[in-house]
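Working notes, beginning with the structure itself.
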Number of protein chains: 2
Amino acid sequence: MEEILPAFDSAFSIDCLIFGFDAGELKILLIERNEEPFKDWLALPGYFVKQDESLDDAADRILYELTGLRDLPMKQFHTFGEVNRHPQGRVVTVGYYALIRINGQKELRPISPYARKAIWRSVNDLPKLAFDHSEIFSKGFRIIRKRLNYQPISFDLLPEKFTLTQLQGLYEAILNKKLDKRNFRKKMLSYGFLKELVEKQKGVSYRAAKLYKFDRRKYAKIFQSEMTA
Amino acid sequence: MEEILPAFDSAFSIDCLIFGFDAGELKILLIERNEEPFKDWLALPGYFVKQDESLDDAADRILYELTGLRDLPMKQFHTFGEVNRHPQGRVVTVGYYALIRINGQKELRPISPYARKAIWRSVNDLPKLAFDHSEIFSKGFRIIRKRLNYQPISFDLLPEKFTLTQLQGLYEAILNKKLDKRNFRKKMLSYGFLKELVEKQKGVSYRAAKLYKFDRRKYAKIFQSEMTA
DNA sequence: TTTAATGGTGTAATTTTCACACCTTATATT
DNA sequence: AATATAAGGTGTGAAAATTACACCATTAAA
């Protein structure tokens, strides 16, 4: 191959915003860095892209190496390219996000030595993060929150079987406001992608709620235009 | 600075999707390449980012050098990172877009020798473009079209004074469907950011239409939440 | 004066959104 | 067994937004 690319001291990286939902709180997955710079700081799971892998592939690999999570349906949300965002050189980073089920995941265990551990932290209680990761988080969260107004995206955050109250709690956590119970239920059910189960909630000390499942088939049919973009 | 970045043969670039509107047609700005690879092909205006400039700064500079257009309010829409998208090495490119007034622009004149000229082409009649630019165009156009459903973004595409019919024609060109005249007018006027002028259209051989101006102040007030994200 | 072309306007039906309160059911406690 | 606790579950009316729909007015050119 001819060498015509500019000879830069630069690289690109991926940073991942992985949202989870647990105990009524929206959480995000962070790693404890085990490498300079920002050794011992909390950071978004992120690392350099290799030369022979696409951004999407890199996002999958990097998330796996740093947290043990695999094959999440991650999507790009923004690319960050300020000149001095990385102390050791020019690094442009592509932000990816996914929304997942916390409890559906086995133990989080970093494979790579660059992360000491991976932990969930409430989005309402985040410390200052390494690099410009606090800003990456803010930007990504804003984008995802807005997206929720146009299309329901949150089913991957819940257990497979869930109650309408759980679903509402999730929406409230993301949008950061109270919703009306009757109107919320009416609207969600009207979409037609919730499948009512015979089964009921168990182990609660009050009236057990009906459980629902998310019907991906119908969801995809309804929102296919949004999904292709 | 310590050298710790991976020593890759790689670079990042910017590609710009500049939309214009003229004679009832939505157009896009292309350059005729004057450099290998893809010499003589049509391409999106795009080039490499320098090491000491941010992505946003690079987008401004590159567009200026290739087309003579300056200081457009460009925004990122997606980053493309397939391994073999560039024949000469690993190049990740960040897509930016803007919507502008074709006639408000002085003559388009590339400053850089990399482009022979810059031309407007109808989006409905695009040839195969250099690199993966055809795909970049498709993806960007889809994203922008969808965005139009949530917020009016198109005033920069029209002359300063415009008729409601022109505005409707623009919406129809972007959304690629017919709209109802009365409903469209009612809705647009209800936003409150169109200022009716006393002046009328001139030089038409039929009843002259009222002219309107876009009130940026009011627009910003109404859509500020969308603009900060 | 006629024609061609676009400008400009209103209403009723439908759908969507929003605000709002009470009885029911399951369990735990006494 | 009775009661207390905690959440489950349900409907209606008002207001707002969306949709469908057709005809006369105005201007300049022929």
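To find a chain, count down the sequence lines: A is the first, B the second, and so on, and within it residues start at 1. FYI, side chains are in, hydrogens and waters are out, and symmetry mates aren't considered; it's all heavy atoms of this structure.
Between the side chains of Arg61(A) and Ser112(A), no donor-acceptor pair of N or O atoms lies under 3.5 Å. Side chains of Asp71(A) and Tyr64(A): a donor-acceptor N/O pair is absent below 3.5 angstrom, by distance only.
Checked against dA19(C), dG7(C), dT19(D), the side chain of Ala209(B) finds its nearest nucleotide in dG7(C). Minimum atom distance to the side chain of Tyr206(A) is reached by dA6(D), of the listed dG10(C), dA5(C), dA6(D).
Map Lys187(B) and Arg182(B) each onto its nearest nucleotide of DNA chain D; the residue landing nearer the 5' end is Lys187(B).
Considering only side-chain N and O atoms, Thr165(B) lies under 4.0 angstrom from the phosphate OP1 or OP2 of dG7(C). Contact annotation: Ser205(B) does not reach the phosphate of dA5(C) (side-chain N/O to OP1 or OP2, under 4.0 Å).
Remark: P of dG9(D) and CZ of Phe184(A) are 13 Å apart, rounded to the nearest angstrom.
Nucleic acid contact for Lys181(A): base, since at least one base atom lies under 4.0 Å from a heavy atom of the residue. Using a 4.0 Å heavy-atom distance criterion, Ser190(B) is classed as making no nucleic acid contact.
Between Phe162(B) and Tyr212(B), the ring center distance fails the sub-6.0 Å criterion. When ring centroids are compared, Tyr171(B) and Phe184(B) come within the 6.0 Å threshold.
Evaluation of atom-type donor-acceptor distances gives a pair under 3.5 Å for the side chain of Lys186(B) against the base of dT11(C). You won't find any donor-acceptor pair under 3.5 Å spanning the side chain of Lys210(B) and the base of dG8(C), going by distance alone. The base of dT6(C) lies outside donor-acceptor range of the side chain of Arg207(B), with no N or O pair under 3.5 Å.
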